[in-house]
Visitor: 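First the structure, then my questions, so here it is.
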Amino acid sequence: MRKSSRQLQTCGLAMVLFITSCTSYLDPSKDPKRSLSDYISQSFSIKKLEDRAHLLAFLTGGVKAHLGGWSDDQFREAFIESKREFLKLSFKEIKDISPKEIQITYELSYLDEGKGHDGHKHQAKVTNKKLCQLVLENGKWLIGDVRNLKELIEFKNELSLP
């Protein structure tokens with residue numbers, strides 16, 4: 001009887017360790033790709049000025065200060081009034097810089113319906129290739145910097161003369 005009780009304790013401990021490791025693996029704050037993906041998803045679903053706090057929770061350092069320093073009008077124009085529709089996010093390269101810093105190269109594609117120089121609406125597919133630096137702070141991956149590497153804008157139904 002003692003042997004089976006000890007086996008049950010060992011089995012129970014193994015199950016607890018397994019569940020704990022799975023739970024931490026599924027925790028989005030433990031995965032830098034997930035943190036970046038969640039930030040991008042949030043940025044396309046902004047509905048009101050108060051949503052700025054949701055975005056700021058994903059940022060640190062200079063990018064957090066930069067976005068936090070925007071006026072309400074700047075934020076409204078960039079996130080609420082802009083007519084952007086998410087299309088695709090793909091990760092190109094993930095590079096460990098240190099145990100607390102990682103760089104992710106990614107491509108983001110979306111449809112943008114903005115006004116051209118003529119004042120009319122123009123629909124375009126925008127693809128940005130970006131380099132994002134994430135840092136681990138208090139057990140959570142936060143965006144510390146984002147650099148635009150390349151941008152491709154494909155206008156829909158535009159006639160272009162040489």
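No hydrogens, no waters, no symmetry mates; every other heavy atom, side chains included, goes into these values.
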Visitor: Is the closest side-chain heavy-atom distance between Val135 and Trp141 below 4.5 Å?
Guide: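 No - every pair of side-chain heavy atoms lies 4.5 Å or more apart.
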Visitor: Rounded to the nearest 0.5 Å, how far apart are CG of Leu131 and OG1 of Thr105?
Guide: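 Reported value, rounded in 0.5 Å steps: 4.5 Å.
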Visitor: Give the minimum heavy-atom separation between Ile143 and Cys132, together with the two atoms involved.
Guide: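 Smallest interatomic distance, heavy atoms only, reads CG2-SG, 3.8 Å.
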Visitor: State whether Asp112 and Lys125 are salt-bridged, where the test is any N-O pair (Lys NZ or Arg NE/NH1/NH2 against Asp/Glu carboxylate O) under 4.0 Å.
Guide: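 Judged by the 4.0 Å cut-off on N to carboxylate O distance, Asp112 and Lys125 do not form a salt bridge.
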Visitor: Do Leu142 and Ser35 have side-chain heavy atoms sitting under 4.5 Å apart?
Guide: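 Answer no - side chains too far apart.
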Visitor: Using 0.5 Å steps for rounding, measure from the CG atom of Leu59 to the CG atom of Leu67.
Guide: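 The distance works out to 6.0 Å.
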Visitor: Are the side chain of Asn128 and the backbone of Lys130 linked by a donor-acceptor contact shorter than 3.5 Å?
Guide: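 A pair under 3.5 Å: no.
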Visitor: With a 4.0 Å cut-off on N to O distance, would you call Lys47 and Asp51 a salt bridge?
Guide: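 No salt bridge links Lys47 with Asp51.
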Visitor: Mark yes or no for whether Ser43, through its side chain, and Ile40, through its backbone, hold a donor-acceptor pair below 3.5 Å.
Guide: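 Yes.
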Visitor: Considering only residues two or more places apart or on different chains, which pairs with a residue in residues 144-153 satisfy side chain to side chain donor-acceptor pair (under 3.5 Å)?
Guide: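 Side chain to side chain donor-acceptor pair (under 3.5 Å) check on residues 144-153 returns Asp145-Arg147.
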Visitor: Decide side-chain contact (heavy atoms from CB on, under 4.5 Å) for Thr127 and Leu108; before the verdict, give the C-alpha distance in whole Å, the side-chain angles of both, and the deciding distance to 0.1 Å.
Guide: CA-CA 6 Å; Thr127 302; Leu108 173 65; over 6 Å; no
Visitor: So, do Val126 and Ser109 sit near enough that their side-chain heavy atoms are less than 4.5 Å apart?
Guide: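 No, side chains not in contact.
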Visitor: Please report the closest heavy-atom contact between Gly144 and Thr60, naming both atoms and the distance.
Guide: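 Looking at all heavy atoms of both residues, the shortest contact is CA-CG2, 3.8 Å.
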Visitor: To the nearest 0.5 Å, how far apart are CG in Asp72 and CD in Glu77?
Guide: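 Spacing of CG (Asp72) from CD (Glu77) equals 13.0 Å.
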Visitor: Kindly give the heavy-atom pair with the smallest separation between Lys48 and Ile80, and that separation in Å.
Guide: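 What the structure gives for the nearest pair is C-CD1, 3.5 Å.
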Visitor: Side-chain contact test, heavy atoms from C-beta onward, threshold under 4.5 Å: evaluate it for Lys140 versus Asn138 and give yes or no.
Guide: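 Contact flag for Lys140/Asn138 side chains = no.
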Visitor: Ignoring hydrogens and angles, tell me if any N or O in the side chain of Ser82 forms a donor-acceptor pair with the backbone of Ala78 under 3.5 Å.
Guide: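 Here the side-chain-to-backbone pair exists.
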Visitor: Is any side-chain heavy atom of Phe44 closer than 4.5 Å to one of Arg84?
Guide: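 Yes. Closest side-chain heavy atoms under 4.5 Å.
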Visitor: What is the distance from atom CD1 of Ile102 to atom NZ of Lys33, rounded to the nearest 0.5 Å?
Guide: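 Atom-to-atom, Ile102:CD1 and Lys33:NZ are 9.0 Å apart.
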Visitor: Which word best sums up how the rings of Tyr39 and Phe58 line up, parallel for under 30°, tilted for 30 to 60°, or perpendicular for over 60°?
Guide: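 Because their plane-to-plane angle is over 60°, the rings of Tyr39 and Phe58 count as perpendicular.
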Visitor: Indicate if Leu111 and Ile46 have the same hydrophobic cluster label, given that clusters are the connected sets of ILVMFWY residues with side-chain heavy-atom separations under 4.5 angstrom.
Guide: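 Unlinked, Leu111 and Ile46 end up in two clusters.
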Visitor: Nearest 0.5 Å, what's the NE2-CG distance between His54 and Asp38?
Guide: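 Reported value, rounded in 0.5 Å steps: 13.0 Å.
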Visitor: What donor-acceptor contacts under 3.5 angstrom involve side-chain atoms of residues 86-99, with partners at least two apart or in another chain?
Guide:
| unit_1 | atom_1 | unit_2 | atom_2 | d |
| --- | --- | --- | --- | --- |
| Ser98 | OG | Lys100 | N | 3.3 |
| Ser98 | OG | Glu101 | N | 3.3 |

Visitor: Taking the six-membered ring of Phe79, is NZ or CZ of Arg52 closer than 6.0 Å to its centre and within 45° of its axis?
Guide: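 Geometry flag: not set, cation outside 6.0 Å or 45°.
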